[in-house]
Structures are given as C-alpha cells and as structure tokens.
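When a residue number appears, it is its place in the shown sequence, counting from 1.
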Amino acid sequence: MKKFKTESQRLLDLVINSIYTNREIFLRELISNASDAIDKLCFLSLTNTDLKVKRDSLAIRLSADEKARTLTVSDNGVGMSAEELELNLGTIAHSGSLEFMRNAVAGSEDGAGQDDAGQAGAGKTGSGQADTGKADIDIIGQFGVGFYAAFMVAKKVRVVSRAAGSSEAFAWESDGKSGYTIKAAERESAGTDVILHLKDDAEDEDYSTYLREYTLRNLVTRYSNYVRFPIQMEVTKHRPLPKAEDAAEDAPLEYEDVCELETLNSITPIWKKGKSEVSDADYDEFYKSQFHDFEAPVRRLAIHAEGTLSYDALLFVPGRAPYDFYSRDYKGGLALYTSNVLIMEKCEELIPDCFAFVRGVVDSADL
C-alpha cells in the first residue's frame, strides 16, 4: 500500500472536513467528474479516429445496493490508466481537468490538435467560446479536490477505470486515511466506476439515505439537473395489472412493481435556450416551480452576455413580496450556477440589497 505523505494526510483531512460543509454535495462532485470525463472523450474523438464514440449512448449511471451499502457512479467517458489514477487521485489538489484544458488550448493555438493527456478530474465541461481560436472546452473543476468529498459519506472508495483505447483496467482503492492501492482490475469497456462503501449509520447520522431512490433523485434534480449528459438510474414504478376478463367492473386494481431505467435530469436549462424556443407560459412555469410561488412574475429579464466575463442570467420580479420579506431572517440572492451545475442557492453578492426581492439564476463558466 502506498502511503499518503504527512502533508497530504493533513490536506486530505481539510478537504473532507473543512472545504465542504454540506455533505450531500458529494454526489454533485462525482456526477460533474463523470460528465467531465465524457466531454473529454468527445473532444479527443474529434482528432483521434480510433476512438469510436456513439453519442446517443453516452450517459452517467447511478446504482445503489442497500445490502452491500454501496453507491456507484459510472460513466462511459475517457477513463484513466494506472498512471493517471496515480496522478489524479493519488495527488491531492492536482486537477486532471485543468491540465487537460491547458493542453487542449495549447494544442488548438499551435494547430497541432489534442495530445493524449486525457484524464478524468474534478469538474464539469461545457461549451467553449466560438471563433477565438481556442479549444471548444470549458471546465468548472480546476482545483482537483471535488472527488475527495466522497469520503464525507464513504468509509472506503474504490475507483475502477479503463482508459479509452486501452484493453487494461485498474482499480484505485482507499479509506481516505492510511493511503491507497492501485491494482489490475476488470472492466468491459472504457470509462470509470466510482464505488462508495458508505459509512455505518450513527445516532445522529443517517448515511443510508444516500442509498434511497427518492434521495438520489432529489439530489440530482437539485444540483445536477442541467448536466448535459443523461443521468440514469433504475427506478421502481407501480403499474396496474390488466383485469381478468371475468372480473367485475368495480373490482379493485392490482399493481406490480417494475424496475425501469429512467433519466433523472432535464439536461438543457431554460436560460440557455433561445427566446424563440421558450414561451411565456414556459417561463412562468419555471418560475413557479423553481421559486415555489403560485403567482406568475410581473416582469422577466433574460440576459446572454459574452465578453471578458460571459454569463447567462434569468431574473424575475415577483407579483407580490415574499411572505418573509420584511423579517430579519429573510435572505435575498440569486441562484449561482457554473456550467449548469448549482453552486449556491442564494448568492447575495450577485444583486444589491435594494433588489433583494428579485429572484433568478446566473450561470457562468468564468466564475
């Protein structure tokens, strides 16, 4: 077993216990990593004809096993070799995504295309800038620490990965304390499985909730609803059984439980769509559902800004003041997204106090 250096152990402890105070965001980080890995594969396939990518099959998969107490986040993206597992997961605060982006931009500017430094790291890729001569890639996670949020809920993490174009797979495994191991493993195709062995429940800690369907669905909808690739999970649905031919008309229906693979996220946010694609009714419905108001807004403002700081914003003036607007506990602010991933639900710095009643979202890859 390879040991973390003393400094690395201290840094890892800080990452797990200090940087992230809300443990449920671990899923957002892992989904962003998976999306990032798929985006990298798509980017590399533009210049590497050996990489055969079926765009309609690209997806992120969530799997929960309550008996084994494991939660798995899988992707069919670029994957990692043993060396990349060592570099990206064994070196805390090294961002493979940031390095990938730098290489992509350098290759674009030099006209030499993309090199083979395809590494999965922390973050979510999005659309780049057009007609700038730079690579069409934009990464949110540039600090290399998001993956370690998994240890807030997991006592052990196992990462099984197979790099695109390789026939070999490797497994990185760690308890987040003593060190990590990297060994040969098996995986049918390119991509990565992040397997979390959840901590045992305590009197005041219910880690089992992250194995439940409704919890996972809610976390995806809240933080990763607009990730650009489908986030899929087997869900249980209750379906009525057909009545027997001789059954009475008023006979009660019988139901069966059926497991189906379902896409949990909406993928395309309304603020990224063109005005011709969205009706006033669509905007009103988004406002009511997003901000829990039964009245339509009296004014709407959509902004698409490009320049030194590029961002999309969708703002609403409510038809009436929030019920707690004049209370001391009222907190204004706009929802802050970065590359379609929710970072803060109420960012007060985005709007002055005199407009605290305004509701809306701001999405920027430059923040």
Side-chain angles (χ1 to χ4, degrees), residues 1-5 8-9 12 15-16 26 29-45 48 50-53 57-63 65 68 70-100 103 114-123 125 139 141 144-151 154-198:
M1 174 178 287
K2 299 184 179 183
K3 299 288 186 181
F4 291 120
K5 296 179 181 179
S8 298
Q9 289 179 333
L12 183 58
V15 170
I16 296 172
F26 81 92
E29 298 298 316
L30 296 182
I31 288 175
S32 294
N33 290 356
S35 178
D36 189 28
I38 296 175
D39 250 332
K40 292 174 185 177
L41 178 64
C42 294
F43 185 79
L44 292 176
S45 68
N48 187 344
D50 293 332
L51 296 178
K52 307 298 183 183
V53 178
S57 67
L58 298 174
I60 301 162
R61 185 84 173 265
L62 305 183
S63 305
D65 187 331
T70 59
L71 173 63
T72 303
V73 181
S74 303
D75 67 71
N76 49 2
V78 72
M80 290 177 280
S81 64
E83 292 77 13
E84 290 165 344
L85 284 169
E86 172 87 39
L87 182 63
N88 295 327
L89 303 186
T91 306
I92 301 169
H94 170 85
S95 173
S97 288
L98 180 58
E99 183 174 335
F100 183 94
N103 290 335
Q114 169 64 33
D115 65 11
D116 59 354
Q119 302 158 348
T125 57
I139 306 262
V145 296
F147 165 78
Y148 303 100
F151 288 106
K155 58 185 177 182
K156 182 175 71 174
V157 177
R158 177 179 172 86
V159 180
V160 180
S161 192
R162 175 175 166 179
S166 173
S167 60
E168 297 179 312
F170 297 90
W172 181 97
E173 189 171 305
S174 175
D175 60 2
K177 298 177 182 178
S178 56
Y180 61 92
T181 60
I182 297 178
K183 298 179 181 178
E186 296 291 332
R187 199 178 194 278
E188 292 185 3
S189 57
T192 301
D193 301 321
V194 180
I195 307 161
L196 277 61
H197 295 262
L198 296 189

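- Residue Leu62 holds its CG atom at 5.0 Å from CD1 of Ile31, rounded to the nearest 0.5 Å.
- Scanning both residues, Gly179 and Ser174, for their nearest heavy atoms gives O-OG, 2.6 Å.
- At distances below 3.5 Å, not a single donor-acceptor pair connects side-chain atoms of Glu29 with backbone N or O atoms of Phe26.
- Of all the heavy atoms in Ala171 and Val160, the pair that sits closest is CB-CG2, 4.1 Å.
- Inspection of the Thr192 and Ser161 side chains reveals an N or O donor paired with an N or O acceptor under 3.5 Å.
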Please lay out, stage by stage, how Phe147 and Val194 fare under the test side chain to side chain contact (heavy atoms under 4.5 Å, CB included).
CA-CA 10 Å; Phe147 165 78; Val194 180; 4.1 Å; yes
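- Rounding to the nearest 0.5 Å places CG of Leu89 at 5.5 Å from CH2 of Trp172.
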Apply the test salt bridge (charged side-chain N to carboxylate O under 4.0 Å, His left out) to residues Arg187 and Asp193: give CA-CA distance (whole Å), side-chain angles for both, the deciding distance (0.1 Å), then the verdict.
CA-CA 9 Å; Arg187 199 178 194 278; Asp193 301 321; 3.0 Å; yes
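- The CZ atom of Phe151 sits 11.0 Å away from the NZ atom of Lys156 when rounded to the nearest 0.5 Å.
- Using a cutoff of 4.0 Å between basic side-chain nitrogens and carboxylate oxygens, Glu168 and Arg162 are not scored as salt-bridged.
- Between Ile195 and Val157 the shortest side-chain heavy-atom distance does not fall below 4.5 Å.
- Within the 3.5 Å criterion, the main-chain N or O of Ser32 finds no donor-acceptor partner in the side chain of Ser35.
- No hydrogens or angles considered: a donor-acceptor pair under 3.5 Å links the side chains of Tyr180 and Glu86.
- Looking at heavy atoms from C-beta onward, Val159 lies out of side-chain contact with Glu173 at the 4.5 angstrom threshold.
- Scanning both residues, Leu41 and Asn76, for their nearest heavy atoms gives CD2-O, 3.5 Å.
- With rounding to the nearest 0.5 Å, the separation of CG in Leu196 from CZ in Arg158 is 13.0 Å.
- Taken from CD1 in Ile182 to CD in Glu83, the straight-line distance is 8.5 Å, to the nearest 0.5 Å.
- For the atom pair CG (Leu44) and CG (Asp50), the distance works out to 12.0 Å, reported to the nearest 0.5 Å.
- The closest side-chain donor-acceptor pair between Asp65 and Thr70, if any, does not fall under 3.5 angstrom.
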